[in-house]
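Written below as structure tokens is the structure these notes are about.
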Amino acid sequence: MRFGKTLLATLAAATACPAFAQDAKSVELAPVIVTASRVAETLDATLAPVTVITRADIERLQAASLQELLVGLPGISITNNGGAGKATSVFLRGSNSDHLIVLIDGIKIGSATLGSTSFEQIPVDLIERIEIVRGPRSSLYGSEAIGGVIQIFTKRAKAGEAITPTFAIGGGSLGSAKQELGVRGSVGTGGWYNLGASASTTDGIDVQPASSDRDRDGFRSVAGSLASGWRFANGAEVSGNWLRAHSRNEYDGFNAASNNVADSVQQVFGGKVRYAPVKPLLLTFAAGQSQDLSDNFRKPTGGALTTFDTTRYHYSLLGDYRLSERQGLSAGVDYQDDRVFSTTTYDEDSRDNLGVFAQYQGGYGGHELQLSLRHDDNQQYGQHDTGAAAYGYRFGNGIRVGVSHGTAFKAPTFNQLYFPNFGDPTLKPETSRSSEINISGSNRVSGVDANWSLNGYRTRITNLIDFVPPTFAPVNVGESQILGVEAQLAARWQTLSATTTLNWMEPENRSEGANKGKTLQRRPERTARLDLDYRFARASIGASVYGASKRYNNPSNSVAVDGYGTVDLRATVQVLPAWQLQLKAANLLDKDYQTVSGFDQAGNTYFVTVRYSPVQ
């Protein structure tokens with residue numbers, strides 16, 4: 001299926017019926033609280049472009065992975081090396097996959113050696129909410145936030161909530177199965193807790209049929225989470241969280257004698273204290289540790305040929321001072337310590353970073369303003385300053401227009417700096433300048449709640465780290481420009497809801513050399529997604545349509561990966577007040593496609609889930 005046909009079908013469907021977006025701002029009955037600016041604010045008040053995915057969205061879409069949730073959302077394109085558990089890269093607004101900060105419960109995760117996040121290993125069954133903030137955020141979060149920030153929040157309960165157990169079990173094609181258990185509740189007058197566990201397995205497909213290793217490449221994952229907290233009578237709050245996911249992934253190539261297996265662990269510990277010593281001032285102290293652990297090419301004897309383990313320690317103190325109802329100052333300090341343990345000997349195996357930042361947010365009538373500055377002092381590359389400014393004006397008819405500009409940077413990874421016979425310790429950080437203009441509106445017409453937005457942006461990245469032949473060692477020679485437009489239409493009419501998102505961008509390599517003017521690799525220039533859902537008295541049905549244009553698999557654009565389109569169908573039946581039966585058919589048209597050249601994706605699959613969740 002060509003992208004053009006899919007796009008036309010998506011637009012036709014969006015025109016024929018109302019649409020509803022995950023981040024629709026006026027349809028929600030209760031205010032949605034987001035933390036895009038590192039302080040809590042309602043979704044309709046933030047000047048940052050934010051998409052929110054709730055637990056209800058995850059269960060409605062019957063998503064089997066984080067990739068399924070993110071694909072086709074505003075500003076996002078994804079590559080995957082063959083399905084569940086296989087390497088997954090997220091490109092936010094066309095920036096590199098390592099130009100993105102990912103947080104779990106406020107703690108930064110990811111590999112310090114690779115510089116990217118293993119999205120495929122994060123258990124979607126234990127997620128409560130996801131916030132996707134698009135655009136430069138280094139002035140608040142530091143290194144890597146060129147494309148934006150993705151915040152993942154694990155499940156938790158509320159103080160006063162009754163003890164509530166949850167349960168889900170399912171199975172389907174390709175030998176796929178999952179189990180999910182959880183219990184949440186309250187303790188006393190101010191305490192709460194949430195415990196969760198999940199397991200998933202699949203026999204997978206032969207992801208590289210052209211390789212000599214002709215077998216199915218499976219994936220297994222076991223994960224657990226714990227979160228608890230207490231709110232004292234004086235308003236102080238203490239909370240803690242833990243998440244651990246242990247996975248085993250099979251894959252093709254490289255070393256047939258070693259069974260091509262990787263054992264990986266993603267783990268996050270965190271704690272937070274919030275206290276208001278005086279009414280206008282709220283102080284928040286957070287501390288945590290994240291680990292990305294990987295043993296590769298595991299032998300039948302149990303040994304590992306390579307080990308790459310990274311640990312990140314993070315500490316932060318944030319003060320938020322409210323000058324008035326619509327004006328506030330916030331300032332804080334971050335400290336991060338990265339450490340590497342590996343069978344590969346690095347010249348340096350640790351470094352730390354101290355960041356200090358400040359922000360002003362103000363509203364005057366229809367005018368809204370946000371200013372932020374940050375200074376980072378890094379043990380390896382020295383000092384770096386970033387800043388951002390955003391302005392918006394809200395008209396009385398529900399329309400808001402805005403403009404913003406920000407700078408960001410990304411520090412070189414340990415691999416780029418210190419990998420033996422490869423790294424260069426003199427590499428400079430990659431830097432960016434981004435500008436954006438946007439317009440959005442919320443309306444109710446003839447019983448239809450409608451929301452729409454249009455964002456246009458330009459990002460210029462300098463000192464890009466490129467890999468230059470014949471040695472392919474990393475060098476600061478690159479420059480790129482990314483022009484993009486994100487369009488969203490969202491609406492709800494009675495029991496029918498829908499979401500449509502269109503992404504268009506030109507990610508251009510502007511580095512001097514043979515690849516100047518080429519499209520940055522692995523980014524489709526156009527994507528479209530449509531989600532439709534219709535609710536009956538005791539059931540619902542839905543469909544998701546996604547289309548992507550062709551992309552190029554290499555910097556010279558000599559290897560193209562064809563565009564494609566997929567259709568998913570889903571249904572949920574409320575068998576009893578607390579019991580649901582769910583059915584999903586993915587890639588209904590059995591489309592053969594790839595997102596990375598040489599790595600197949602699964603054809604038509606189905607999955608059945610039985611879910612127990614008491615109504616509160």
Side-chain angles (χ1 to χ4, degrees), residues 23 25 28 30-52 101-108 128-142 145 148-153 156 229 231 235-239 241 270-288 314-336 355-364 367-376 386-392 394 400 402 404 406 408:
D23 57 347
K25 298 181 180 180
E28 299 289 344
V32 177
I33 304 299
V34 297
T35 55
S37 60
R38 297 194 66 158
V39 296
E41 58 186 337
T42 59
L43 182 59
D44 64 344
T46 181
L47 289 175
V50 183
T51 298
V52 177
I101 286 180
V102 181
L103 309 170
I104 293 183
D105 292 325
I107 304 301
K108 184 177 179 180
E128 180 70 22
R129 188 175 85 257
I130 303 172
E131 297 177 8
I132 305 164
V133 189
R134 308 186 296 280
R137 289 293 175 270
S138 285
S139 61
L140 292 174
Y141 290 93
V149 177
I150 294 180
Q151 297 202 62
I152 299 171
F153 299 90
R156 57 193 55 220
R231 182 180 179 87
E237 297 180 28
V238 178
S239 62
N241 59 277
K272 183 181 294 185
V273 178
R274 291 162 56 90
Y275 177 61
V278 292
K279 189 174 181 180
L281 176 64
L282 176 63
L283 297 177
T284 303
F285 173 75
H314 183 266
Y315 308 91
S316 69
L317 177 63
L318 172 66
D320 180 28
Y321 189 86
R322 305 311 300 172
L323 300 171
S324 64
E325 183 179 354
R326 297 186 61 197
Q327 295 187 64
L329 292 172
S330 56
V333 57
D334 290 328
Y335 176 78
Q336 180 178 310
V356 180
F357 60 93
Q359 175 181 231
Y360 167 76
Q361 293 172 285
Y364 309 86
H367 303 274
E368 299 163 319
L369 181 65
Q370 179 178 334
L371 304 171
S372 56
L373 291 170
R374 181 179 173 112
H375 175 79
D376 283 277
T386 50
Y391 167 79
R394 191 185 303 272
R400 183 169 76 174
S404 64

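In this text, all values refer to a predicted model and were calculated from it rather than measured experimentally.
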In residues 273-282, what donor-acceptor pairs under 3.5 Å come from side-chain atoms, sequence neighbours left out?
none

Beyond-backbone contact of Val149 with Gln151, side-chain heavy atoms, under 4.5 angstrom: yes

Least distance between heavy atoms, Pro136 atom then Ala408 atom: CB-CB, 3.9 Å

For Tyr315 against Ala287, the heavy-atom pair lying closest together: CD2-CB, 3.6 Å

Considering all heavy atoms, the nearest Gly288-Ile107 contact: CA-CD1, 3.7 Å

Atom of Val39, atom of Ser330 and distance for their closest heavy-atom approach: CG1-CB, 4.1 Å

Residues which pass ring pair (Phe, Tyr, Trp, His ring centres under 6.0 Å) with Tyr321, listed by chain and number, not counting sequence neighbours: none

Thr284 and Asp320, any side-chain heavy atoms less than 4.5 Å apart: no

From Ile150 atom CD1 to Ile132 atom CD1, the distance as rounded to the nearest 0.5 Å: 5.5 Å

Separation of Leu371 CG from Gln361 CD (nearest 0.5 Å): 9.5 Å

Test: Glu368 and Arg394 ion pair at under 4.0 Å: yes

pair Asp334-Phe357: side-chain heavy atoms closer than 4.5 Å: yes

Side chain proximity check, Phe153 to Asp105, heavy atoms < 4.5 angstrom: yes

Gln359 (side chain) donor-acceptor with Ser37 (main chain) under 3.5 angstrom: yes

Ala388 to Ser139 - nearest heavy-atom pair and separation: CB-OG, 3.5 Å

Donor-acceptor pair, side chain of Arg137 and main chain of Gly148, under 3.5 angstrom: no

Arg326 and Tyr364, any side-chain heavy atoms less than 4.5 Å apart: no

Close side-chain approach of Arg400 to Leu47, heavy-atom, < 4.5 Å: yes

Gap separating the CG atom of Leu103 from the CD1 atom of Ile130, nearest 0.5 angstrom: 12.5 Å

Minimum side-chain heavy-atom gap Ser372-Arg38 below 4.5 Å: no

Atom pair CG (Leu329) and OH (Tyr360), whose distance is rounded to the nearest 0.5 Å: 7.5 Å

